[in-house]
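See structure below.
As the structure is a computational prediction, the values presented were derived from the model and not from experiment.
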Amino acid sequence: MTSSRCSIFITERLERSFCGSDERDLLHGLCYPPPTTPSNTVKVVIKGRVQGVFFRNWTVQNARELGLNGWVRNRRDGSVEAVFSGEPAKVQEMVDRRCRVGPPAAVVTALHKTAAAAGEETAAGEGFHCRPTA
């Protein structure tokens, strides 16, 4: 048998060996990746007393706890900037519930949220980490 005829034969044998719909779904799952979960990426700038109060490390801990990707860094103007990427509900929780309050010693006076620019989605990378001050 040639290789193409062999692969067709094997495929036909596999398809015939699965007789119920559940088994066909299993075969389909082996051939096609599962659908991806929706993802959201946002950039935030947090102002107030947010430097020197453990804000960046607190952000890393909370983002990792939620399974988010991205980064956080201090800015020279005294604010903190972060990019969060992941499941929309978890991104919203991080931004609207956690970052608006911050760690105990922080005083958040403003939080500006924007949709991530085209390159920032891929720049979020895997995992969550601190970046150098910008």
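- Under a 3.5 Å cut-off, the side chain of S79 and the backbone N or O of R75 do not form any donor-acceptor pair.
- Between M94 and L68 there is a side-chain heavy-atom pair separated by less than 4.5 Å.
- Atom CZ of F84 and atom CG of N62 lie 8.5 Å apart (nearest 0.5 Å).
- Inter-residue side-chain proximity for L111 and V95 is flagged as met; some heavy-atom pair is nearer than 4.5 Å.
- Among residues two or more places apart in sequence or in another chain, the side-chain contact (heavy atoms from CB on, under 4.5 Å) test is passed with S39 by S85.
- Judged as a side-chain hydrogen bond (donor to acceptor under 3.5 Å, both in side chains), and not counting sequence neighbours, R100 has no contacts.
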Q: Given side-chain contact (heavy atoms from CB on, under 4.5 Å), test V108 with V101 step by step and report yes or no.
A: CA-CA 6 Å; V108 176; V101 176; over 6 Å; no
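- Interatomic distance, CG of N57 versus SG of C130, reported as 5.0 Å (0.5 Å rounding).
- By the salt bridge (Lys or Arg N to Asp or Glu O under 4.0 Å) test, R98 pairs with E65, E93, sequence neighbours left out.
- A search for salt bridge (Lys or Arg N to Asp or Glu O under 4.0 Å) contacts involving K47 returns nothing, not counting sequence neighbours.
- Using a 4.5 Å heavy-atom cutoff, the side chains of V80 and V72 are in contact.
- Nearest heavy-atom pair, C99 versus W58, reported as atom, atom and distance to 0.1 Å: N-CH2, 4.0 Å.
- A heavy-atom distance below 4.5 Å is not found between the side chains of L66 and F128.
- Separating the OG1 atom in T109 from the CD1 atom in I46 is a distance of 10.5 Å, to the nearest 0.5 Å.
- Here R73 pairs with E81 under the salt bridge (Lys or Arg N to Asp or Glu O under 4.0 Å) rule; sequence neighbours left out.
- Every residue two or more places apart in sequence or in another chain that forms a side-chain contact (heavy atoms from CB on, under 4.5 Å) with N40 is listed here: V42, P88, V91.
- With values rounded to the nearest 0.5 angstrom, R56 atom CZ is found 12.0 Å from W71 atom CH2.
- Remark: E87 engages no residue in a salt bridge (Lys or Arg N to Asp or Glu O under 4.0 Å) (not counting sequence neighbours).
- H129 NE2 to N69 CG: the interatomic distance, rounded to the nearest 0.5 Å, is 10.0 Å.
- In this view, R49 and V53, V107 satisfy the side-chain contact (heavy atoms from CB on, under 4.5 Å) rule, not counting sequence neighbours.
- Atom OG1 in T133 sits 11.0 Å away from atom CG in D77 (nearest 0.5 Å).
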